[in-house]
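Take a look at the structure below.
The analysis underlying the following values was restricted to heavy atoms, covering all of them including side chains, and did not include hydrogens, waters or symmetry mates. Chain letters run A, B, ... following the sequence lines, proteins first, then strands; residues in each count from 1.
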2 protein chains.
Amino acid sequence: MAKADSIGQLEQLVLTAILRLGDDAYGVSIHSTVEELTKPRAVSLGAIYVTLDRLESKGMLTSRLTDPTPERGGRAKRCYRLEALGERALKESAVTAKRMWDMIGSALGGRKWVKEY
Amino acid sequence: MAKADSIGQLEQLVLTAILRLGDDAYGVSIHSTVEELTKPRAVSLGAIYVTLDRLESKGMLTSRLTDPTPERGGRAKRCYRLEALGERALKESAVTAKRMWDMIGSALGGRKWVKEY
DNA sequence: GCCATTACTCCAACAATGTAAGAGAAATCG
DNA sequence: CGATTTCTCTTACATTGTTGGAGTAATGGC
């Protein structure tokens, strides 16, 4: 393994989406939440599933299959749940991200250096 | 190339350090600034140089060799300068990082969920 | 029942990035 | 000169990112 429990960018984004989505975190909803974060950059659905698999095998999250919903095409979903290990890794990487944001802000003079967002 | 101008985690950290260091951005100083951000996680010097090379070949930064300083062992340094392309990529990824931070914060109830930092 | 359609999951192959470990060059000090 | 210190750069490999498409279920209309 690379190191303790470091995670990559997409992994962070995926964990964040799961945290936010709570009980309704499954492939497609996670995908759209992630794209909300990376906008305007797109992310393919496949990338999400691959990342989900890897995070699960690292023990950062667990999954279960739900019953199909009575919607057109609504088939069974695999819902994910954030585990303690995953939450810890997410928080740690978020702190680094925040420090970076602050450093950039102060280096650029504290003024608003970005209008979007 | 992966996509437009997306950059990885270490790349973001390195660009941030260069922005912050201004005229004194070279391998060793960048390394210590990056570790200040990732603390308590360590990063090897080699990782920094490799990343610097890659960023330079992408046109995100340029470098020049400086004259040696009159210090014990003070040899010539290769100083880096952030180019427009790099600054743009950094800002973009920083915005995503900030959105993630905010989403985590609101998902966790707005309370202070981390004491360190 | 069948078929078109929709929502969703998962795999395989490849590209980019992250990381460690160590070799090697240049300068100062005694 | 030789020891020491600061710094750069390379190699080799591990992990993560990304795409594109295959495959499975369920619904609704005919």
Whole-Å distance between dT15(D) C1' and Arg41(B) CZ? 14 Å
Side-chain N or O of Lys58(A) closer than 4.0 Å to phosphate OP1/OP2 of dT16(D): yes
Which of the following nucleotides, dT19(D), dA27(C), dT10(D), is nearest to the side chain of Pro68(B)? dA27(C)
Interface residues of residues 20-31 of chain A with DNA chain C (non-hydrogen, below 4.0 angstrom): Tyr26(A), Gly27(A), Val28(A)
Are any side-chain N or O atoms of Gln9(A) and backbone N or O atoms of Ala97(B), one a donor and one an acceptor, separated by less than 3.5 Å? no
Check whether Arg20(B) reaches the backbone of Ala107(A) with its side chain - one donor and one acceptor, N or O, closer than 3.5 Å. no
Can you find a donor-acceptor N/O pair under 3.5 angstrom joining the side chain of Arg72(B) to the base of dT6(D)? no
Roughly how many Å is it from CD in Gln9(A) to P in dT18(D), rounded to a whole number? 7 Å
Nearest to the side chain of Arg75(A) - dG18(C), dA26(D), dA26(C)? dA26(D)
Could you pull out the closest heavy-atom pair between Glu35(A) and Ala42(A), with the gap in Å? OE2-CA, 3.2 Å
Looking only at side-chain N and O atoms, does Arg78(A) come under 4.0 Å of OP1 or OP2 in dC10(C)? yes
Would you mind reading off the distance between Gln12(A) atom CD and dT16(D) atom P, rounded to a whole angstrom? 12 Å
So Ile7(B), base contact, sugar-phosphate only, or nothing? Heavy-atom distance under 4.0 Å. nothing
Of the listed nucleotides dT18(D), dC10(C), dG18(C), the one nearest the side chain of Tyr80(A): dC10(C)
Ile48(B) and its side-chain contact (heavy atoms from CB on, under 4.5 Å) partner, picked from Leu13(B), Thr33(B), Val14(B): Val14(B)
Arg99(B) (side chain) donor-acceptor with Leu37(A) (main chain) under 3.5 angstrom: yes
Among dT6(D), dT18(D), dG18(C), which nucleotide has an atom closest to any side-chain atom of Leu10(A)? dT18(D)
CG of Leu15(B) versus P of dT17(C): gap in Å, rounded? 12 Å
To the nearest angstrom, the CZ-P distance between Arg54(B) and dT10(D) comes to 13 Å
Using 0.5 Å steps for rounding, measure from the CG atom of Leu90(B) to the CG atom of Asp5(B). 12.5 Å
Whole-Å gap separating P (dG18(C)) and CG (Leu45(B)): 16 Å
Please report, rounded to the nearest Å, how far the C1' atom of dT17(C) is from the CG atom of Leu13(B). 13 Å
Select from Cys79(B) and Ala76(A) the residue whose nearest nucleotide in DNA chain D is closer to the 5' end of that strand. Cys79(B)
Integer-rounded Å distance: dT18(D) P and Ile48(A) CD1: 10 Å
Under 3.5 Å: donor-acceptor pair, side chain of Glu11(A), backbone of Thr51(A): no
